[in-house]
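Accompanying notes for the structure given below.
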Amino acid sequence: MGAKPKSQTVGFRYSFDIHGAIAKAIDGLLQIRASGKTAWSGNATTSQAISINAPNLFGGDKGEGGLQGSFDLMMGDEDQPANSRLVAALGGGLVPNFRGFAGFFYSGQVTSMNPYPKPWELLAYRRVKGWDGSVWYPETCEINLAGGQVRAMNPAHMLYEIYTNRENGLGVDRSMLDDGAFRAAALKLHGEGFGLCLGWKRSAGTLADFRDQITDHIGAYCGPDRNTGLITLKLIRDDYDVAGLPLFDEDSGLLSIEDDETGSAVLAPSQLYVEYTDAITGETRRARAVNPAIAQAQGGPSSETKSYPGLPTGDLAARVVQRDMRVKASNLRKYKIKLDRRGASLGPADPFRIRSTKRGIAEVVVRAGRIEDGTLVNGVITITCLQDVFGLPSSSFVAVPPSGYVPPDRTPYAPTLRRLMEVPYRELSGLIDQANLDLVDVTAAWFGSLAARSSGLSLSYTLMTRPGASGVFTDRGTGDWCPTAQLVSVLPVEVGPSVITLTSAIDLDQVAVGQAALLDDEIVRVDAIDLVTSQVTVGRGCADSVPAQHAAGARIWFYDGFEGADETEYTSGVTVQARLLTNTSEGQLAEGLAATDSLTLAGRQGRPYPPGQFRIGDEAYPESVVGDVVMTWAHRDRVTQADQLIDTAMGSVGPEAGTTYNCRLLRADTNAVLASQTAISGTTATLSTTYVGQVIAEAWSVRGGIESLQRQRWQFAHTNPPPP
């Protein structure tokens with residue numbers, strides 16, 4: 001606190017030049033994240049320079065820094081010039097333009113204190129860029145979800161690109177795709193709001209694997225049509241007219257039913273979870289569907305989890321989990337049937353009806369699965385099919401449950417418990433050697449702050465100050481959270497030591513015996529502490545203070561070693577304003593959210609100490625006095641006492657050279673002076689008055705015309721002695 005030694009370097013800010021690729025093509029960039037925290041957000045759809053100004057993203061210089069620099073987004077256009085920053089970073093010469101893929105070049109701060117940069121995430125999207133030729137069916141390509149926050153792509157378009165893109169796909173000519181079937185599916189998916197956020201990487205598997213992953217998400221078949229030979233897309237939905245479906249029975253093509261299996265509720269899960277990736281936060285979350293009837297049949301709950309990483313929102317995941325649960329809970333019957341050539345038109349995922357009087361099957365709708373053609377001699381068609389209950393619900397009644405884990409709140413909140421104090425001489429003497437301390441002008445003043453932890457994850461606070469009520473606040477360094485509590489009951493004026501009981505304590509376990517504390521404006525010394533009973537024994541009236549009465553609820557600050565300090569030297573009479581900015585791992589409190597506090601400095605450190613061991617008629621704080629008022633006291637010496645905490649009960653120390661004392665009696669009702677003495681060099685004074693009533697006795701120190709900050713002061717009843 002106060003005039004601390006010259007600042008030392010405790011860490012460094014680290015800056016990098018980073019050149020990276022994003023994807024083959026993107027429509028736009030939405031967010032730049034690092035370590036899960038958002039450094040920039042927007043919608044950049046063209047090549048441009050993005051200014052990242054998040055220096056407190058990881059806690060600022062008090063934590064692990066943040067990101068602050070220039071991010072050049074390069075969309076990879078055909079006329080994209082060489083990036084000037086990249087050219088400079090590589091030392092000039094021949095530098096490619098890096099056309100044909102989206103990338104970036106970042107130059108600036110990446111962290112502080114810790115030389116290891118955080119992992120970055122770029123939230124980008126692609127829907128109409130990067131197509132091999134014109135965008136197919138552009139009217140339904142884009143699907144916006146979550147109020148426009150999620151820019152998803154139509155899965156039908158993703159499948160279309162897998163087949164037709166000659167650079168990143170299979171390179172099939174567009175004429176080989178059933179355009180009508182794909183358009184119908186695209187329109188249906190667009191109407192359902194079934195958009196996906198899913199990318200393909202060569203290292204993740206083949207294009208066929210990626211195609212199957214998409215069809216698994218949306219419930220569809222994508223592949224050759226058995227009749228036309230074209231690539232088709234069929235959505236598995238219950239959107240058909242049952243009466244219009246082909247019917248096969250013993251009189252119309254059904255030759256036999258080889259297998260007839262019925263599912264069992266014993267095997268189906270009573271709880272089904274669908275894992276999805278929240279496109280806004282990047283987190284993996286779950287949606288859940290529950291079937292209590294299955295749990296009752298099984299004698300207890302069972303669960304199963306399916307992963308759909310391309311689902312971008314909880315609402316869509318809830319609809320999909322409801323779809324899948326409907327299938328699993330339906331005890332569907334599985335058939336393996338044989339048809340004659342009248343079944344040749346059926347393809348995978350096609351719905352149709354079967355009826356068999358021999359099997360007792362009146363009529364059931366099934367979906368074709370595996371289809372095996374017969375030989376030229378035997379044209380029998382074998383189809384493995386499943387009873388149909390498929391379809392995506394148009395709305396969901398399945399809630400996305402919380403993960404069960406509530407992340408800790410790292411938001412920096414403004415400290416509500418705080419106070420400002422002028423630095424006493426005692427604190428300076430512990431920080432500055434005596435030779436330099438002797439050179440400090442008596443009118444010089446320093447400024448400090450005290451604050452209680454605003455939340456459990458608050459690391460520290462930054463002290464911002466300015467002289468006067470205008471101008472810019474300046475960073476004066478970091479302050480530690482100060483242990484604090486409140487008095488349970490009134491603490492009277494007394495010599496001490498005093499035992500106080502505390503309540504509403506914060507960080508009381510950090511308090512040590514022997515340290516100083518500030519109780520209202522009285523400095524006390526901690527002589528004992530009991531954390532079980534929350535009782536603290538304190539020495540009274542230490543340093544440049546005197547004992548005072550404190551009300552119940554008065555706040556005590558155990559400030560010794562837990563203060564914030566402005567090392568600027570001010571002058572007595574200057575008013576200083578301060579703001580305290582909380583630091584957490586999430587960042588620093590915005591300056592505009594911090595309250596502004598003010599303190600007018602009084603040159604405290606240069607003032608003489610008030611007298612100690614104050615007595616009236618050889619009694620400490622008497623209720624009444626008869627006749628002459630005899631005041632006694634003990635010397636105090638700020639220079640000799642230095643950083644020692646001498647309480648009011650101890651004998652004389654000093655006095656400091658040039659110190660004298662003044663004392664006086666006042667009427668308690670009018671403050672009129674009844675008697676006084678000045679320039680007393682000793683430790684006693686006798687004041688006479690004939691006034692009868694409540695009076696106030698005061699004694700204070702003076703050195704070179706400068707008075708002590710506080711005065712010994714006591715009120716009592718005065719009467720005259722009876723006549724002889």
Side-chain angles (χ1 to χ4, degrees), residues 1-2 4 7 10-13 15 32-35 37-42 50-70 108-113 408-423 446-482 484 506 557 559 562-570 574-601:
M1 180 178 250
K4 295 184 178 179
S7 300
V10 296
F12 297 91
R13 296 182 184 136
S15 297
I32 300 173
R33 302 178 186 145
S35 192
K37 298 177 173 61
T38 301
W40 173 88
S41 61
I50 297 172
S51 177
I52 299 179
N53 186 28
N56 299 315
L57 194 64
F58 317 127
D61 290 339
K62 311 303 185 294
E64 293 185 281
L67 302 183
Q68 189 172 36
S70 179
Q109 179 183 337
V110 294
T111 185
S112 292
M113 308 300 287
D409 187 2
R410 295 184 172 86
T411 304
Y413 295 104
T416 55
L417 301 178
R418 62 189 188 277
R419 71 165 290 174
L420 307 179
M421 67 178 293
E422 187 174 346
V423 178
W446 282 268
F447 175 87
S449 60
L450 308 175
R453 189 183 305 276
S454 53
S455 68
L457 293 178
S458 298
L459 302 176
S460 61
Y461 66 89
T462 297
L463 174 61
M464 310 285 290
T465 69
R466 68 181 180 189
S470 61
V472 178
F473 282 90
T474 303
D475 186 341
R476 300 302 185 187
T478 302
D480 293 327
W481 299 118
C482 183
T484 184
I506 301 174
W557 297 90
Y559 71 87
F562 296 98
E563 59 274 87
D566 181 351
E567 298 182 10
T568 305
E569 181 178 330
Y570 297 100
V574 172
T575 297
V576 180
Q577 291 190 333
R579 290 176 177 173
L580 309 185
L581 311 183
T582 302
N583 299 309
T584 71
S585 60
E586 187 77 17
Q588 186 177 79
L589 178 73
E591 187 177 326
L593 299 179
T596 301
D597 300 319
S598 299
L599 179 69
T600 299
L601 304 177

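Computed from a prediction, not measured in an experiment: that's the story for all the values here. Residues take their numbers from the sequence shown, with the count starting at 1.
- Atom CZ of R13 has 12 or fewer heavy atoms from other residues, nucleotides or ligands within 6.0 Å.
- Residue pairs meeting the salt bridge (charged side-chain N to carboxylate O under 4.0 Å, His left out) criterion with at least one member in residues 448-463, sequence neighbours excluded: R453-D507.
- Defined by atom type and a distance below 3.5 Å, a donor-acceptor pair is missing between the side-chain atoms of S449 and R418.
- A donor-acceptor contact closer than 3.5 angstrom links the side chains of R579 and T596.
- Each ring pair (Phe, Tyr, Trp, His ring centres under 6.0 Å) pair with one or both residues in residues 449-470, not counting sequence neighbours, appears once here: Y461-W481.
- Between T568 and F447, the closest side-chain pair of non-hydrogen atoms is not below 4.5 Å.
- A side-chain donor-acceptor contact under 3.5 Å links T582 to the backbone of Y413.
- A donor-acceptor contact closer than 3.5 angstrom is absent between the side chains of T462 and D475.
- Checking side-chain atoms of T584 against main-chain N and O of L457 turns up no donor-acceptor pair under 3.5 Å.
- Atom CG in L580 sits 11.0 Å away from atom OG1 in T416 (nearest 0.5 Å).
- A side-chain contact (heavy atoms from CB on, under 4.5 Å) with W40 is found for exactly one of I50, L67, N53, namely I50.
- Counting heavy atoms from C-beta on, the side chains of E64 and S112 never come closer than 4.5 Å.
- No side-chain heavy atom of L599 sits less than 4.5 Å from a side-chain heavy atom of V576.
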